[in-house]
*Asks:* 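Sending over a structure as C-alpha cells; questions will come in a sec.
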There are 2 protein chains.
Amino acid sequence: MRHDRDSVVDAALRILDEWGLPELTMRRLAAALEVQPSALYHHFANKQTLLAAVADRIQEAARPGPSPALPWYEATLAEAVNVRDALLAYRDGAEVVLSTRALGLGGDAAHERLAAALRRGHDPETAGLVATALLHLILGDASLAQQRLQADSLGAVAPGTPDASDPGLVFRLGVELLLSGLELAEQSARVE
Amino acid sequence: MRHDRDSVVDAALRILDEWGLPELTMRRLAAALEVQPSALYHHFANKQTLLAAVADRIQEAARPGPSPALPWYEATLAEAVNVRDALLAYRDGAEVVLSTRALGLGGDAAHERLAAALRRGHDPETAGLVATALLHLILGDASLAQQRLQADSLGAVAPGTPDASDPGLVFRLGVELLLSGLELAEQSARVE
DNA sequence: ACCTGAACACCGTTCAAGT
DNA sequence: ACCTGAACACCGTTCAAGT
C-alpha cells in the first residue's frame with residue numbers, strides 16, 4: 001500500500017493522540033504505516049517538517065468562528081475558547097503547536113482567528129499584537145495543563161497548581177483581564 | 001576529580017548556554033566532566049530530575065525583588081520583568097523552566113515572586129491565580145522569543161512575528177493589559 | 001560516596017538501489 | 001513517485017564491579 005503526505009499526517013495524529021508526543025517517533029510512525037522508516041523521508045524532509053504539518057491540522061480543526069454580529073470583546077473571547085479547545089483536542093497538541101510556532105514553521109491559523117476577531121474593534125496593528133499576547137497565554141497555559149495531565153496520571157504532584165479544582169480557571173481569568181485591560185485603554189484614549 | 005550535584009548542574013548550565021537544550025545530552029555532559037555517562041546517575045535519578053535542578057538555578061538567579069514601598073501594580077510589573085530577564089539570561093532557559101513546571105518537577109520561585117508582589121494589593125487566592133496567568137504568559141512568550149532566536153540564526157523566517165522590531169513589546173503589552181484589567185476589576189468591586 | 005566498563009534498546013537520517 | 005535494505009552516528013539508562 002502506498003501513501004501520500006495526508007495519510008502520513010493522519011497516522012501521526014493517531015499515534016500522537018493515543019501515545020503522546022515522546023512516543024511519536026519516525027520509526028514507530030513507519031511501523032504503523034507498514035513501511036520502512038526511510039520511506040517517510042520521501043514525504044517530509046525531516047521530523048520537524050512533519051510535526052509542522054501535524055500542528056497545522058490541529059489548528060485547522062477548530063470550530064467555525066463566531067457570528068459576524070458579535071462585538072469584538074465577545075468574538076475574541078469565543079475565538080480564544082475555540083483555539084484552546086482545538087489545542088486540547090489532541091494529546092500534547094499545545095506543545096506541538098508551541099514548538100512549531102517557535103521554530104517559525106507551519107501556518108498561522110490560530111493567530112489569525114484571534115487577530116480577525118480583535119480587528120472588529122481595533123486597528124490592525126493593535127489587533128495583531130494583542131492576538132500574539134493572547135496566543136502566548138493560551139499556548140503556555142494549555143501546554144502546562146496538558147503536560148500536567150500526563151504527570152498526574154503517573155502519580156506526580158505538581159507544585160502550586162490552582163487549576164486542579166477548576167481546569168481552565170487561569171485561562172479564563174487571564175483572557176478576561178487582558179481584554180478588559182484593552183477595553184479600558186481604548187476608552188481612556190477616546191476621552192483624551 | 002570527583003563531583004557533586006552542584007558541580008554537575010554548573011556544567012549543565014554552561015553547556016545549555018553555549019550549545020542549547022538539544023545539545024545538552026547526558027553523554028556530552030559526562031564528557032565535559034571527564035566522567036563516564038553512567039556516573040551522572042549517581043547524582044540524579046534521570047535526565048528530567050537534572051533538568052529540574054537546572055531550572056531551579058535559572059529561576060533563583062533573578063534579581064532581588066522590588067522595594068517594599070512600591071504599590072502592587074509597580075511591584076508586580078517589576079517582578080514580571082525580573083522573571084523574564086532570568087529566563088532569557090540562559091539560552092533555552094524559558095523552555096527548560098516551562099517543561100519542568102509542566103511535569104510538576106522543580107521549585108516554584110518564579111510563581112512565588114509574582115504572587116508575593118500581587119499580595120500587596122489583593123487577597124492571596126486572587127494573587128495566586130493572577131500570578132499563574134502572568135507566568136504562563138511570560139513562559140509562553142519567552143520560550144517563543146528564545147526559540148525564534150535560534151530559528152533566525154539558522155536563516156528561517158517566522159510567520160507573523162511582530163516582535164522582530166521591538167523584542168519584548170508583546171510581553172509588556174500583555175502584562176500591562178492584564179494588570180490594568182485587574183485594577184479595573186478591583187475598582188468596580190469596591191463601588192458595589 | 002563516587003566512578004568505570006560494557007551492554008541494551010532505542011533514536012533521526014542518509015543513500016544506493018529497486019519498481 | 002514511492003519504497004527497501006543497510007548502514008551511520010548518535011541517544012538515555014541499567015548494572016555488576018571497582019576504590
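Within every chain, numbering begins at 1; the chains are lettered A, B, ... in the order of the sequence lines, protein sequences first and strands thereafter. None of the values given here were measured: they were computed from a predicted structure. Just so you know, these numbers use all the heavy atoms, side chains as well, and skip hydrogens, waters and symmetry mates.
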*Asks:* Can you tell whether the side chains of B:Arg57 and B:Asp6 come within less than 4.0 Å, N to carboxylate O?
*Replies:* yes

*Asks:* If I take atom CD in residue A:Gln36 and atom P in nucleotide D:dA7, what distance separates them, rounded to the nearest angstrom?
*Replies:* 13 Å

*Asks:* If pairing requires Watson-Crick or G-U wobble contacts with both distances under 3.5 Å, which nucleotide is the partner of D:dT4?
*Replies:* C:dA16

*Asks:* Are any of A:His3's side-chain N or O atoms less than 4.0 Å away from OP1 or OP2 of D:dC2?
*Replies:* no

*Asks:* Please confirm whether the shortest side-chain N or O distance from A:Ser38 to OP1 or OP2 of D:dT4 is below 4.0 Å.
*Replies:* no

*Asks:* What's the CG-P distance between B:Leu29 and D:dC11, to the nearest Å?
*Replies:* 12 Å

*Asks:* Can you tell me how far C1' of C:dA6 sits from CZ of B:Arg27, to the nearest Å?
*Replies:* 11 Å

*Asks:* Check whether NZ of the Lys or CZ of the Arg A:Arg28 lies under 6.0 Å from the centre of the six-membered ring of A:Trp19 and within 45 degrees of that ring's axis.
*Replies:* yes

*Asks:* Starting at atom CG of A:Leu33, determine the distance to atom P of D:dC3, rounded to an integer number of angstrom.
*Replies:* 8 Å

*Asks:* Using purine N1 to pyrimidine N3 plus N6-O4 or O6-N4 for Watson-Crick, or N1-O2 and O6-N3 for G-U wobble, both under 3.5 Å, which nucleotide pairs with D:dA9?
*Replies:* none

*Asks:* Under 4.0 Å between any heavy atoms, over every strand shown, what does A:Asn46 touch: base, sugar-phosphate, or nothing? Just pick one.
*Replies:* sugar-phosphate

*Asks:* Please enumerate all residues that pass side-chain contact (heavy atoms from CB on, under 4.5 Å) together with A:Glu74, with sequence neighbours excluded.
*Replies:* A:Leu70, A:Pro71

*Asks:* What is the distance, to the nearest angstrom, from the CZ atom on A:Phe44 to the P atom on C:dG12?
*Replies:* 15 Å

*Asks:* In whole Å, I'd like the distance from the CG atom of B:Leu24 to the P atom of D:dG12.
*Replies:* 8 Å

*Asks:* Can you tell me if B:His43 touches the phosphate of C:dC3, counting only side-chain N or O atoms and a distance under 4.0 Å to OP1 or OP2?
*Replies:* yes

*Asks:* What pairs of nitrogen or oxygen atoms, one from the protein and one from nucleotides 17-19 of chain C, lie under 3.5 Å apart?
*Replies:*
none

*Asks:* To the closest 0.5 Å, what do you measure between NE2 (A:His111) and CZ (A:Arg101)?
*Replies:* 6.0 Å

*Asks:* Distance only, no hydrogens: is a donor on one side chain within 3.5 Å (strictly under) of an acceptor on the other, for A:Asp10 and A:Ser7?
*Replies:* no

*Asks:* Look at A:Arg113 together with A:Glu60 and state whether they make a salt bridge at an N to O cut-off of under 4.0 Å.
*Replies:* no

*Asks:* Round to the nearest Å and state the distance from B:Leu40 atom CG to C:dC3 atom C1'.
*Replies:* 11 Å

*Asks:* In whole angstrom, what separates A:Leu51's CG from C:dG12's C1'?
*Replies:* 12 Å

